[in-house]
Protein chains: 4
Amino acid sequence: MGNETETRERLLEVAKDEFLELGYEKASMRKICKKAGVTTGALYFFFKDKNDLFAALVRKVADEIKMIIVHHTEKEQAIYVDAKTTSQELIADGIQQGRDFVTYMYANKDVFILLLCKANGSAYENFYDELVDLMEKNTLQFLDHITLADVPENEINPYTMHWLAHLETSSFAQLLTHGLTLEEALIQAEVIAKYLTGGWLEILKK
Amino acid sequence: MGNETETRERLLEVAKDEFLELGYEKASMRKICKKAGVTTGALYFFFKDKNDLFAALVRKVADEIKMIIVHHTEKEQAIYVDAKTTSQELIADGIQQGRDFVTYMYANKDVFILLLCKANGSAYENFYDELVDLMEKNTLQFLDHITLADVPENEINPYTMHWLAHLETSSFAQLLTHGLTLEEALIQAEVIAKYLTGGWLEILKK
Amino acid sequence: MGNETETRERLLEVAKDEFLELGYEKASMRKICKKAGVTTGALYFFFKDKNDLFAALVRKVADEIKMIIVHHTEKEQAIYVDAKTTSQELIADGIQQGRDFVTYMYANKDVFILLLCKANGSAYENFYDELVDLMEKNTLQFLDHITLADVPENEINPYTMHWLAHLETSSFAQLLTHGLTLEEALIQAEVIAKYLTGGWLEILKK
Amino acid sequence: MGNETETRERLLEVAKDEFLELGYEKASMRKICKKAGVTTGALYFFFKDKNDLFAALVRKVADEIKMIIVHHTEKEQAIYVDAKTTSQELIADGIQQGRDFVTYMYANKDVFILLLCKANGSAYENFYDELVDLMEKNTLQFLDHITLADVPENEINPYTMHWLAHLETSSFAQLLTHGLTLEEALIQAEVIAKYLTGGWLEILKK
DNA sequence: GATGAATGAGGGTTCATTCAT
DNA sequence: AATGAATGAACCCTCATTCAT
């Protein structure tokens with residue numbers, strides 16, 4: 001009949017709504033059960049506990065996006081290893097990366113909102129920070145290629161690096177939380193890439 | 001004796017610690033009372049409810065910082081009204097504004113942390129957004145002076161404005177949450193100003 | 001195939017471990033199933049309920065040991081019926097009886113631990129007391145032969161009898177629960193027999 | 001009015017009944033509240049948690065009885081330090097000690113039952129064993145005085161010592177659990193003392 | 001023989017708040 | 001100005017068991 005997994009599916013759907021509306025902590029297991037028309041025991045048959053329920057909604061995408069960023073970093077590493085690039089090329093590349101990221105995000109819109117804004121209290125509450133760390137490594141590499149030895153050292157300190165990774169990450173996250181459509185977001189991705197690259201050039205000026 | 005207000009003071013101090021450590025929602029009124037060596041009745045004599053307790057810690061600074069930003073915007077409005085400025089002057093001005101903001105923030109460090117990071121669930125949970133809105137108006141005006149009619153309209157859309165205000169606000173907020181000292185933060189304020197202005201210039205390019 | 005009973009066997013084995021570790025009440029049917037790699041339905045096919053599962057582990061030995069004690073009592077009855085015995089003979093006999101009991105106990109170590117220490121909450125929670133009652137009848141008979149009419153009546157009251165049966169039973173039970181090896185336990189069985197007989201002689205003194 | 005502490009008192013009384021009837025683990029906080037005509041919040045105002053509620057019933061007596069035993073051991077130590085005693089005197093002393101112990105137990109009958117039989121799962125679940133350990137030290141000392149160098153070493157091994165302490169402790173505990181009146185129990189205390197001493201003499205024989 | 005989804009009551013505990021005194 | 005007892009709903013979670021398939 002297909003009825004077998006229906007309950008699990010329904011629970012996940014209801015849970016997603018509840019988490020999106022209230023956030024992890026304020027979401028109520030009881031309310032989720034009630035809305036799904038199911039007893040608590042049924043919920044706990046499918047999911048070990050509240051955290052597991054949240055993870056079931058989020059795990060796959062959380063893992064994937066991390067891998068995507070890591071792979072992206074590695075690929076760039078390979079390409080640029082023996083070639084010098086112009087800032088125009090870097091901007092173009094940044095734009096493309098941004099568009100890819102946005103596209104993936106929008107294909108998993110709800111999950112990203114859960115991960116970035118509603119995970120407080122769950123095992124994924126540090127997901128945003130982990131993302132920032134990966135972004136930072138990415139940026140670090142970008143820096144290796146753009147700089148030509150003349151970077152004022154006192155300005156590109158570790159904190160600045162971290163801050164910029166934050167900037168980038170939150171820029172993407174906001175597209176989602178402010179309700180832009182995919183088309184609008186893709187356009188903004190270009191603005192972001194341009195802007196952030198422009199900022200770099202300003203900092204790196206002698 | 002002065003004893004009367006002593007209890008209130010002690011409650012506020014303990015509450016600040018509790019909110020800083022746990023955030024508004026997870027903070028416990030009972031624990032606050034216990035740590036202050038006071039009964040719940042006493043707490044509720046001084047403060048109407050949990051929200052009022054939080055507000056008592058935060059209200060004054062929250063109001064002040066908003067007024068400071070508004071005044072700043074108005075003052076700039078008056079100065080630039082009939083003069084054209086170079087981008088160098090704008091950067092210099094941005095730096096000064098940033099330093100002022102940082103200085104005020106650090107003079108009220110704990111309260112700012114409460115407002116920006118620990119207010120979730122309280123009546124101040126939108127404080128960050130309100131700040132962004134004020135910043136946005138500020139930026140909007142900056143734009144009026146820097147542009148000379150040749151801004152590509154499709155890029156400086158309302159969302160971009162909002163996003164940039166976010167960028168700026170969060171840049172300042174992070175100084176605090178990442179534990180920089182005042183001295184470090186002041187230096188970073190310059191980096192931020194430079195970076196953000198650089199981004200602008202890139203966007204405004206034909 | 002032989003496969004049919006395999007599941008049952010595995011369940012029993014796992015259940016024994018679980019009951020031994022946690023006791024009847026805290027043992028979890030779900031955990032037993034999980035450890036056995038079997039669903040709850042399977043468990044309930046073989047065993048009516050939790051109590052039945054416990055009984056399946058324990059029933060045979062519980063019945064046997066009772067019969068052994070009863071038979072022992074009857075046999076002694078027959079032997080001593082018209083003969084007088086010295087206290088030395090009685091001690092020797094007590095020692096032999098103790099060694100027999102210990103040997104049987106150790107041949108069914110786990111089950112005895114379940115019965116004597118882990119049965120609380122199950123249908124066998126009174127097993128220990130039932131054993132004591134049988135021991136008491138046994139002792140009662142010992143008394144018939146050792147006494148020569150001159151027992152101070154106020155001391156050998158029914159309660160004393162019951163108490164002594166407890167003493168003996170728990171003495172044997174402890175060998176098991178304190179982790180003695182069979183060899184050590186057999187040696188202790190002699191100590192127990194000597195001690196308990198010595199106690200008797202002291203009580204029976206005028 | 002005296003009304004203020006009435007609720008706490010009532011809760012303790014009801015809790016005692018519940019624990020006595022069901023034991024620590026199966027006792028239900030909710031049922032205790034209901035029987036006391038009080039909400040759960042009220043119970044948790046007075047008692048931190050289930051364990052604390054149990055401890056409130058039991059703590060004082062548990063501490064006292066341990067101290068009593070320790071003091072007794074120390075006192076004996078002082079008396080016998082340079083005098084040899086006859087076994088008659090030792091028996092007499094054992095009887096007196098037993099009567100004291102029984103008298104104290106019966107003055108706190110319910111609490112002792114809680115401690116010795118109903119504490120499983122609580123912080124006091126090892127109370128019985130702790131008592132045995134204290135008893136063992138006591139017995140150890142008794143041994144020092146009664147022996148005159150001619151004890152067969154292989155028989156008075158550490159395990160035997162522990163076992164005898166168990167024997168003694170459980171003998172006293174049973175008086176309570178079998179519902180003897182104080183008068184009956186005091187008489188039995190003498191039987192116990194005689195019996196246990198008699199057992200010793202038998203073991204110590206060459 | 002065995003699956004696995006589902007029940008539903010119950011577990012201990014925490015919470016912000018109220019109010020008579 | 002402050003006490004402290006009390007509320008009552010809500011929290012997440014576990015349990016032995018059942019039953020259609």
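In what follows, chains are A, B, ... by sequence order, proteins preceding strands, each numbered from 1. All values below come from the heavy atoms of this structure, side chains included, with hydrogens, waters and symmetry mates left out. Computed from a prediction, not measured in an experiment: that's the story for all the values here.
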Item checked: Which atom of C/Val14 lies closest to which atom of C/Ile32, heavy atoms considered -> CG1-O, 3.5 Å
Check: Do A/Lys16 side-chain atoms and A/Leu11 backbone N/O form a donor-acceptor pair below 3.5 Å?
Finding: no
Next item on the list: Nearest-nucleotide wise, let me know which of C/Leu43 and D/Lys50 is further upstream toward the 5' end of DNA chain E.
Entry: C/Leu43
Note to self: Looking at B/Glu13, I'd like to know if its CD atom is crowded, meaning that more than 12 non-hydrogen atoms belonging to other residues, nucleotides or ligands lie closer than 6.0 Å.
What the structure shows: no
Notebook entry, point to check: Where the side chain of C/Asn51 meets the backbone of C/Ser122, is there a donor-acceptor pair that is under 3.5 Å apart?
Noted result: no
Notebook entry, point to check: From A/Arg8 CZ over to A/Phe47 CZ, what is the distance, rounded to the nearest 0.5 angstrom?
Noted result: 4.0 Å
Notebook entry, point to check: In whole Å, what is the span from the CG atom of C/Asn51 to the P atom of F/dT17?
Noted result: 8 Å
Check: Pick the nucleotide of DNA chain F nearest each of D/Arg10 and B/Phe45; which residue has the one closer to the 5' end?
Finding: B/Phe45
Next item on the list: Would you list the pairs meeting salt bridge (Lys or Arg N to Asp or Glu O under 4.0 Å) in which at least one residue belongs to residues 26-47 of chain A, sequence neighbours left out?
Entry: A/Glu18-A/Lys31, A/Glu18-A/Lys35, A/Lys26-B/Glu25
Item checked: Gap between atoms CZ and C1', on C/Phe46 and E/dT3 respectively (whole Å) -> 13 Å
Sub-3.5 Å pairs of nitrogen or oxygen atoms, protein against nucleotides 18-21 of chain E:
unit_1, atom_1, unit_2, atom_2, d
E/dT18, O4, B/Thr40, OG1, 3.2

Notebook entry, point to check: Roughly how many Å is it from CG in A/Leu11 to C1' in E/dG4, rounded to a whole number?
Noted result: 15 Å
Note to self: Checking B/Tyr44 now: which residues fulfil ring pair (Phe, Tyr, Trp, His ring centres under 6.0 Å) with it, not counting sequence neighbours?
What the structure shows: none
Checklist line | Proximity to DNA chain E (any heavy atom under 4.0 Å), residues of residues 14-38 of chain C only | finding: none
Note to self: Using whole Å, what does the distance between atom C1' of nucleotide F/dA6 and atom CZ of D/Phe47 come to?
What the structure shows: 14 Å
Next item on the list: Just say parallel, tilted or perpendicular for the rings of C/Phe54 and C/Tyr24, cut-offs at 30° and 60°.
Entry: perpendicular
Notebook entry, point to check: Would you say B/Thr39 reaches F/dG4's phosphate, i.e. side-chain N/O to OP1/OP2 under 4.0 Å?
Noted result: no
Checklist line | Dot-bracket line, read 5' to 3' along DNA chain E, where crossing pairs take [ ] and | marks a partner on another strand, Watson-Crick or G-U under 3.5 Å | finding: .||||||||||||||||||||
Check: Is a side-chain donor or acceptor of A/Asp49 paired with a backbone partner of A/Asp52 at a separation under 3.5 angstrom?
Finding: yes
Notebook entry, point to check: Does any pair with a residue in residues 117-130 of chain D pass salt bridge (Lys or Arg N to Asp or Glu O under 4.0 Å), and if so which ones, sequence neighbours excluded?
Noted result: D/Lys66-D/Glu130
Note to self: Of the listed nucleotides (E/dT7, E/dA2, F/dC13), which one gets closest to any side-chain atom of C/Ala42?
What the structure shows: E/dA2
Note to self: Can a donor-acceptor pair be found, under 3.5 Å and without considering hydrogens, that links the side chain of B/Asn108 to the backbone of B/Val61?
What the structure shows: no
